[in-house]
Every structure is written in C-alpha cells, then in structure tokens.
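I have placed the structure first, in the form of structure tokens, so that the comments after it can refer back to it.
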Protein chains: 2
Amino acid sequence: MPRAQDVAGDGRTRRKAATPRARNPRAAADGGKAAGSKPQGAGPARQRDAEQTRADILEVASREFAEQGYAGARVDQIAERTRTTKRMIYYYFGGKEQLWIAVLERAYAGIRAAEQDIDVEHLDPVSAIRRLAELTFDHHDSHPDFIRLVSIENIHRAEHLERSPGFASLNSPVIDLIARILARGRESGAFRRQVDPLDLHMLISSYCVFRVANRYTFRAIFDRDLGSRDRREHYRTMLGDTVVAYLTAE
Amino acid sequence: MPRAQDVAGDGRTRRKAATPRARNPRAAADGGKAAGSKPQGAGPARQRDAEQTRADILEVASREFAEQGYAGARVDQIAERTRTTKRMIYYYFGGKEQLWIAVLERAYAGIRAAEQDIDVEHLDPVSAIRRLAELTFDHHDSHPDFIRLVSIENIHRAEHLERSPGFASLNSPVIDLIARILARGRESGAFRRQVDPLDLHMLISSYCVFRVANRYTFRAIFDRDLGSRDRREHYRTMLGDTVVAYLTAE
DNA sequence: GATTTAGTGGACGAACTAGTTAGTTCTTAC
DNA sequence: GTAAGAACTAACTAGTTCGTCCACTAAATC
C-alpha cells in the first residue's frame, strides 16, 4: 500500500488524477525513436493508439529486461516507465513471460533487419570476410542491450526462444552470405582451409559477443576495459586479422 | 503462512521435528565432492561443524545461483536444499548478496587453482600455445556452472566483484604464462606478430566461453548444438588452429 | 445518434520473499 | 561437571510482486 496520500481521498490530488490528464501522448512514449512508425499526418494524433501503446511497452520492457534480467525486472516498474498502466501489459501481452518473449522476438527481428543490409559481395573474398567481421563487430558494439538480452535468455537455456514458433526456420541470411564468400575464396585459392560457414559465424560472434558481454568481469579481474573507445579500432582489426589468418593458413 | 498443518499444533508432527532428526550429517552435504575436505578419521563425525555447514551452503547456493540467476534464486530454496536452515545462511553470510559474493569468490578461486596446474613450458611455443588453448577449452567445457555465474555477474555489470576486495590485485597466472610463451615464440621466429598476452587470453576465452554460455540460443536459432560430444574435438582443434594461425601469420 | 467494442485506469489481493526474533542444543575450556 | 559461547532451529514479519477485477471512456459501426 504505497502513497497513503493518494488513497486517503485527498480531493485535489484525486481530481487532478481523474481529469483527462494533460494528454501529451507521444511525450513519454518514443524516447528517441522519434516519428516514423505511424503516419502522423493522417488526422489529429489519436488519444488511443493500440499499436503505439504496444510499441511503447515493448520499448520500455526491452530496456528494463536488459538492465535487470528476466527475474530481476519488475512488471510494476516497466508499467511505471510507460505512458500507460500495468493493466495494458496484461491486455496486450498476457503476462511477464509473454512480454519477455515479445521483447526477444523484437530484438532478433532487429538484428535480422541489419543483416539484410550487409553488402560485401562486390569485394574479393579476403576483404569481404574481413568487412563482414567488422560489420558484425560494429553492430554488437552499438547494441549492447541486444547482447544482454541474449545472455539472459541463455541463462534460461533459451527455453522461451525454443517455445516461440518460427525462430529456427527463419535461417539467418548471414550464414548464406558467409557460405558464398567461403566458396569464392576456396575457388580463388585464397582460403586454403575447408570451413563450415556456421563455424566461422561462431568464431566471429564469440569474439564480438564476449567483448561486449564479458566486459565487466574482464575489467574487474584484469583491469582492462574492452569497451574503451581507444582500443575499439585495435580490437576490430584484431578480429579481422584472426579470421583472415585462420582461413588463409595452411 | 504456509503449512497450516504444522502450525496447528499437531503433536505428532511437531515432536518428530523436534527430535534430533535422524542425523545423517554428510548425506545431503557434499553431494559428489566426496570425502576430502575434512580429516574424517579424527573421531566420530561431529553433529555440528561450522566449516562443513558453510561449505554445504556454498555448494548448494552455487548450483542454485548458476541455475536461476541472482534475482531468480530463492534464499528459501537454497536453505531447503541444504542440510541446515535459512537462518544459518544469514548467520554465516549475512544476506543474499554476500552469499552471492562468496559463491563468486569460490568459483574464481577454483579456476585460479586449475591455472596453477598448467604446465606447458617444456613444449615449443606453437605446441605450448595450442596446448594452453586446449586446456582452457577443456576447463570451460567441464565447468559450465562457472561460466553461468560469470555471465550472471556480467549482467550485473560486475558490481559485486568490483566491491569485493582483492580480485584485481590477484593477477591471473595464465597471463604471465602466455607472456612467456609469446616471448619465446617471437625469439624463435615462430610468431611473426607482436601480440599482447591479455589480448590473446581474450581471444581464447571468448571462443571457449561463447561455446558454453551461448550454446542454447545458438542451438535455438541455427539448430546446432555446440556442446555435442561429437563436435567437441572438432571445436577444440578449430580453436588451436585459429590461435596458431593468428600468431604465425604475417 | 445509439450501440457495440477496443482500449484504459487504478485499486486490490493472494502468494511469495528477504530478513528477523526468540529461543534451544551441542561443544569446549576450565 | 559445568559455564560460556558457538551452532543451530522453527516460526514469524514487513514489504514486495504478479496478476485480476470492475468501472469506465474513446472510437468504430450501424
């Protein structure tokens, strides 16, 4: 029972709350995402917008889950930071667990979209694979929350991802891209090793993910900040060197 | 207020509970660790043993935290799986957070101890670094709970590790070992690249950690089990190949 | 303009959870 | 043998947390 004040029947406070509440719809909603998701020119901004409310909840929930973990995140806290109420979370998502799944799906959809934009086929195999590694590096570097969500889901042994339909089937386009680069490289004689595309993807991912995900314990133990701006370029080059060395070695 | 039964003053139940409780001290305690931590020949097994109780709690707590995460783990659950009660957790550790720190410290002490046993100095630089990578690989492979604890602590941005004194100072012996191997390799001309020992350690760790920590989401998305016995040797060799290729490449 | 339906708000409650209280029993030092 | 203190226990408490109830309003439909 928080805020005895509000419950005590304080007329002024209550009336203020009951009033249509200085509706400032988008204000708290899209913090940063800016306009774009909805055709805003079409009439006066709606007071009720299911899609917008849903998106708002997802956005806030993503931050909160990434920050606190699944068990650590609080539904009340998420609701409070939304422009709507807790009731809406249950209305749109059903519960904490389904909200978490929706957050995961959104996060993976984001990375899939980014993968679509990769264009390295015009480069020679060695440059292409290095460029691909660097793009992966950059994406992970600028999306630490995604990495955190993945880490959290791994603690839960991916039970939610596994239960959610349509994940495995949606095979990532990068794997095909890597396969094509590797084939070209072998043909040209640049890559002297027979490598499985998925294994190479794992090699690249492990490096990029570790640098972001294990940054904190690494720093606590070895006193080195893997995420420092100064060393960013160094680690990016090192990744490219490693991948190229592995593929071109005897 | 659970178990109205017990509270209702059911004489039989209560008397049974009050009885010294078929003392079977070690039974629930060291599940698997077997004998070793205490000189068992010295007199009849004690009914009270502070060190043993403490160790028992730590053992159970480690499993529970690794399984559920920090926020997800329940003090009551930990207590229940111990041969003692919840009060003892607070008696010995002070609280959930301090228990977590103790669990972390114990886990890191374990890996430090393992690092002490590494002996590869008699090998030539290339073989030595490959062997070191393989030993790291094996250790991570057989201690998934340690990896989980580290992942969890990273979600919390290592705030506990940072607060716990005497972590950074205890510089890991592997780094020195790697430094010596790299120096030898450069002298002999086998390693043509100037590499920072800590960076190489990161390269090896990232691969080993990812394979264990991200196994679940990787499987859910790409339908490949990184932890499968069949592929273990393959991934171990691949790590060695990668590290050696990186160091020996132009 | 009336009716229906999608969307919303806020308070409530049952179950849970970290931590505590008040007391008992075993061990050891003398 | 016994007193002091360490080791231990069951039951309890205060506060939290997920989820729901019910009354209500804006928008869509007729």
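Below, chains carry the letters A, B, ... as their sequence lines are ordered, and counting in each starts from 1. Worth saying up front: this structure is predicted, and the values here are computed from it rather than measured.
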For dA7(D), take OP1 and OP2 only and decide whether either is under 4.0 Å from a side-chain N or O of T84(B).
-> no
Contact class for A71(B) (heavy atom, under 4.0 Å): base, sugar-phosphate, or nothing?
-> nothing
Quickly work out the I57(A) CD1 to dT8(C) C1' distance and round it to whole Å.
-> 11 Å
From CD of E51(B) across to C1' of dA6(D) the rounded distance in Å is 14 Å
Could you give the CG-to-P distance, from D56(A) to dG7(C), as a whole number of Å?
-> 15 Å
Side chain of Y91(B) (C-beta onward), nearest among dA6(C), dT17(C), dA7(D) = dA7(D)
Salt bridge (charged side-chain N to carboxylate O under 4.0 Å, His left out) partners for E162(B), two or more places apart = none
Could you state the CZ-P distance from R54(A) to dA6(C), rounded to the nearest angstrom?
-> 16 Å
Please state how far atom CZ in R74(B) lies from atom C1' in dG19(C), giving the value in whole angstrom units.
-> 14 Å
Atom-to-atom span, CD1 of I89(B) to P of dC8(D) - whole angstrom | 13 Å
Determine, step by step, whether Y108(A) and F146(A) satisfy the ring-ring contact (aromatic ring centres under 6.0 Å, His included) criterion, reporting the C-alpha distance in whole Å, the side-chain angles of both residues, the deciding distance to 0.1 Å, and the verdict.
-> CA-CA 8 Å; Y108(A) 274 103; F146(A) 172 70; 5.3 Å; yes
At under 4.0 Å between heavy atoms, what does A79(B) touch on the DNA or RNA strands: base, sugar-phosphate, or nothing?
-> nothing
Here the gap from L99(B) atom CG to I78(B) atom CD1, rounded to the nearest 0.5 Å, amounts to 5.5 Å
Show each protein N/O and nucleotides 19-22 of chain D N/O combination with a separation under 3.5 Å, one pair to a line.
unit_1: dG19(D); atom_1: OP2; unit_2: Y90(A); atom_2: OH; d: 3.0
unit_1: dG19(D); atom_1: OP2; unit_2: K96(A); atom_2: N; d: 3.0
unit_1: dG19(D); atom_1: N7; unit_2: K86(A); atom_2: NZ; d: 2.7
unit_1: dG19(D); atom_1: O6; unit_2: K86(A); atom_2: NZ; d: 2.4
unit_1: dC21(D); atom_1: N4; unit_2: R87(A); atom_2: NE; d: 2.9

Taken in chain and number order and not counting sequence neighbours, the residues that satisfy side chain to side chain donor-acceptor pair (under 3.5 Å) with Y70(B) are none
So does T53(B) get a side-chain nitrogen or oxygen closer than 4.0 Å to the phosphate oxygens (OP1/OP2) of dA7(D)?
-> no
Could you tell me which residues satisfy side chain to side chain donor-acceptor pair (under 3.5 Å) with Q77(A), sequence neighbours excluded, listed by chain and number?
-> R81(A)
Let me know the distance between CH2 of W100(A) and P of dC18(D), rounded to the nearest Å.
-> 14 Å
Reckon Y92(A) touches a base, only the sugar-phosphate, or nothing at all at heavy-atom distances under 4.0 Å?
-> sugar-phosphate
Please name all residues satisfying ring-ring contact (aromatic ring centres under 6.0 Å, His included) with H140(A), sequence neighbours left out, ordered by chain then number.
-> none
By ring-ring contact (aromatic ring centres under 6.0 Å, His included) - contacts of Y207(A) (at least two apart) = none
Spacing between Q52(A) atom CD and dA26(D) atom C1', to the nearest angstrom = 17 Å
Ignoring the backbone of M88(B), work out which of dT9(D), dG9(C), dA18(C) is nearest its side chain.
-> dT9(D)
